[in-house]
Amino acid sequence: MPYIDYYLSTKIKITKNSLTATPLTSSITSLLDLGKDNRTWNKKQLEALTLILCNLVKHHHLDDGVFLYSRKNRKNIPTSFNPLNIGNKPLFFVLDKLRMANLIEDITAPPRTTGKNPERLSEFHVTQRALDLAYSLGINRKTVEVLPSPHVSLRDMRLNNLTYKPNAYTKYIEELMTRYCKHLNKQSIMLKISDETEEGIIHYGTRFGGEKIHLYRRYKDWADREDLIPQISNLNSKLPNINFNIGGRSGGYWMDGLAGKKIDRPTILINGDKTASVDFPCSHLNLCYRHETGSWYQQETYQELKAEGREYEDGYIVSTKIDRGLTKQMIQLMFNVKSKSAVSKIFNEWLLKDGNAEHNYNKLSSGYETIEIQEEILKHHYKIKDYFYKGTIAGQVIQWEEANLMFNIADQYIREHNVTALTIHDELIIQEQHQPLAKEFMFSSGHNDVCSKYSLMDKIKYM
């Protein structure tokens, strides 16, 4: 889910008077407590309101318009991560006033209690009235600007940005992402986010007047979670800034929200051309096989194998009696959870999730118990059995390997072939005419000596 982006700005200056300057704004703000003197809605509070409205119009289409933030009593965010110096008190003042005026739904996280009760983030939900307020004041996608900021970001579990000492890896990623975004901004990238609103089509790339693209590689301070410290220690790594060897995906733009759903990806256009996807099949399985054996497990997708009558060569099919979707879910859990019993518990909870119980249990009609499915997976993938059941951190190391590979592939296509590739986790979005080239070179591209040096894949087996 998106969090408050402190690097968003606009040249439009909101004043207390502008909130009631027109019949439209006056009707929208009719329930907004504007106070009776200048002590309320002062300059700092109006700047915080501007920031919130910029975030709403920029990111409202992501994750159903739900934003996460922290209400924890802490110092203001440092200027290095907060160039406009928006303080916590003005920010919370604005959120509270907007909530009381029914312009947003603000859900404050409950305080922690004794026992196993992890800290939760607060959240606020965008409403159409809040968007209408922004639009009536002149704040829209065209008037929102992205301030200069680095591409590499380290955060704690409360989404606070942290300072860090650069190393060879972070310097390389910063250079790669700067180069990649510079290329993307010379293109025209369009995508559909809605069939119903005026902003149903978004145009990215500054060359032809679209929005500026600024991708982030986001890393977390996993040691911020006490329960994960033993797993980090088990990596037995002497590398500095170990948090930069765990995770590091990117989000936003075409990666999240409606455009991030497979059904909507065909609507993406690159320089006016229709696009096609190039999937990296069974990516986490494949990466483990490549690291352990020196060879990929498979290079064709499931659909390609199925078209040739070879679907049983797919990594997510371990038995003719077990549904592929169930096996895929189970394998992902086995990469991220520490024991068979814990995997079974989470898997059974997943079966009941979102009202899909009947559908999922029908898939289990083969009679296999969840433990038996795991045994079949271990038997089928015995060559990488030591990569399973190592916990969250091991799963993040594999995800780190995947993220580096996909961005290195995209960067290599640009440098060597002048072909634009958009990354969505383990998938590339590419112009249709370049799909054959991408498929031909995908499994021989993306190597980088710096990423290989900092990889912790060789540590997973011994965790």
Side-chain angles (χ1 to χ4, degrees), residues 1-3 5 7 59 62-63 66-68 121 149-162 164 169-170 172-181 184 204 213-225 228 232 241-262 265 268 277-288 328 331-333 335-336 391-412 421-429 442 446 448 450-452 454-457 460:
M1 291 183 181
Y3 61 99
D5 186 345
Y7 291 99
H59 301 308
L62 304 179
D63 294 303
V66 178
F67 290 76
L68 298 177
L121 291 167
S149 60
H151 296 276
V152 177
S153 168
L154 178 64
R155 302 179 298 175
D156 63 18
M157 293 300 165
R158 294 172 297 279
L159 304 180
N160 300 318
N161 283 301
L162 305 175
Y164 63 89
Y169 172 73
T170 62
Y172 167 71
I173 295 298
E174 185 65 44
E175 291 171 1
L176 181 151
M177 298 305 293
T178 299
R179 184 168 62 239
Y180 184 49
C181 289
L184 294 181
Y204 294 116
I213 298 168
H214 188 102
L215 294 170
Y216 295 90
R217 290 287 297 279
R218 302 195 186 280
Y219 302 80
K220 290 182 181 179
D221 180 9
W222 291 98
D224 197 41
R225 278 181 53 181
L228 296 181
I232 296 174
N241 287 343
I242 194 171
N243 285 305
F244 288 107
N245 311 93
I246 306 172
R249 277 183 168 176
S250 184
Y253 301 97
W254 47 86
M255 286 169 270
D256 295 331
L258 292 175
K261 298 177 182 178
K262 283 186 177 291
R265 292 177 195 174
I268 298 176
S277 67
V278 182
D279 286 338
F280 197 92
C282 304
S283 65
H284 289 191
L285 273 175
N286 240 341
L287 289 167
C288 291
K328 180 178 180 179
I331 286 174
Q332 292 307 312
L333 292 175
F335 275 134
N336 289 275
T392 300
I393 296 301
Q396 290 297 313
V397 170
I398 300 172
Q399 186 187 105
W400 180 91
E401 198 82 8
E402 176 193 82
N404 286 332
L405 175 67
M406 299 308 288
F407 276 106
N408 281 325
I409 289 175
D411 180 61
Q412 187 172 341
L422 309 179
T423 67
I424 302 182
H425 303 323
D426 61 352
E427 179 181 351
L428 296 175
I429 303 297
M442 171 172 273
N448 177 265
V450 175
C451 293
S452 296
Y454 280 81
S455 173
L456 296 175
M457 286 291 286
I460 295 177

Is there a side-chain contact between Ile213 and Leu184 in this structure, where contact means two heavy atoms from C-beta onward sitting under 4.5 Å apart?
yes

Mind running side-chain contact (heavy atoms from CB on, under 4.5 Å) on Asp411 and Arg179 for me, showing each step along the way?
CA-CA 8 Å; Asp411 180 61; Arg179 184 168 62 239; 2.9 Å; yes

Angle between ring planes, Tyr169 versus Trp400, binned at 30° and 60°: parallel, tilted or perpendicular?
tilted

Check: Thr178 and His151 side chains under 4.5 Å, non-hydrogen atoms
yes

Trace of the side-chain contact (heavy atoms from CB on, under 4.5 Å) decision for Ile398 with Cys288
CA-CA 8 Å; Ile398 300 172; Cys288 291; 3.8 Å; yes

Would you please say whether a donor-acceptor pair under 3.5 Å links the side chains of Asn160 and Asp156?
yes

Contacts of Asn286 meeting side-chain contact (heavy atoms from CB on, under 4.5 Å) (sequence neighbours excluded), chain-then-number -> Phe280, Pro281, Trp296, Tyr297, Gln298, Phe443

Under a 4.5 Å cut-off applied to non-hydrogen side-chain atoms, are Arg217 and Asn404 in contact?
yes

Ser149 and His214, any side-chain heavy atoms less than 4.5 Å apart
yes

Considering non-hydrogen atoms only, spot the tightest contact between Asp426 and Glu402 and give its length.
CB-OE2, 3.5 Å

Judged by atom type as modelled, is there a donor-acceptor pair below 3.5 Å linking the side chain of Glu427 to the main-chain atoms of Val278?
no

Please report the C-alpha distance between His425 and Met255 in whole Å, then the side-chain angles of each, then the deciding distance to 0.1 Å, and finally whether the side-chain contact (heavy atoms from CB on, under 4.5 Å) criterion is met.
CA-CA 8 Å; His425 303 323; Met255 286 169 270; 5.5 Å; no

Taking the six-membered ring for Trp, are Tyr180 and Phe407 parallel (under 30°), tilted (30 to 60°) or perpendicular (over 60°)?
perpendicular

Distance from Ser250 atom OG to Met406 atom CE, nearest 0.5 Å?
13.0 Å

Does a side chain donor of either Asn241 or Thr170 reach within less than 3.5 Å of an acceptor in the other side chain?
no

Within the structure provided, determine whether Tyr3 and His59 are in side-chain contact (heavy-atom separation under 4.5 Å).
no

Hey, does Ile460 have a side-chain heavy atom less than 4.5 Å from the side chain of Leu456?
no

Take Asn408 and Asn448 through the test side-chain hydrogen bond (donor to acceptor under 3.5 Å, both in side chains) and record every step on the way to the result.
CA-CA 7 Å; Asn408 281 325; Asn448 177 265; 4.7 Å; no

In short, Gly248 meets Ala403 closest at the heavy-atom pair O-CB, 3.8 Å

Would a 4.5 Å heavy-atom cut-off, applied to side chains only, mark Arg155 and Arg218 as touching?
yes

How close do Lys220 and Asn243 get, counting heavy atoms only, and between which atoms?
O-OD1, 3.0 Å

Measure the shortest side-chain to side-chain distance between Trp254 and Tyr204 over non-hydrogen atoms and say whether it is less than 4.5 angstrom.
yes

Apply side-chain contact (heavy atoms from CB on, under 4.5 Å) to residues Met442 and Leu428 and explain how you reach the verdict.
CA-CA 10 Å; Met442 171 172 273; Leu428 296 175; 3.8 Å; yes

In this structure, is the centre-to-centre distance between the rings of Tyr164 and Tyr219 below 6.0 Å?
no

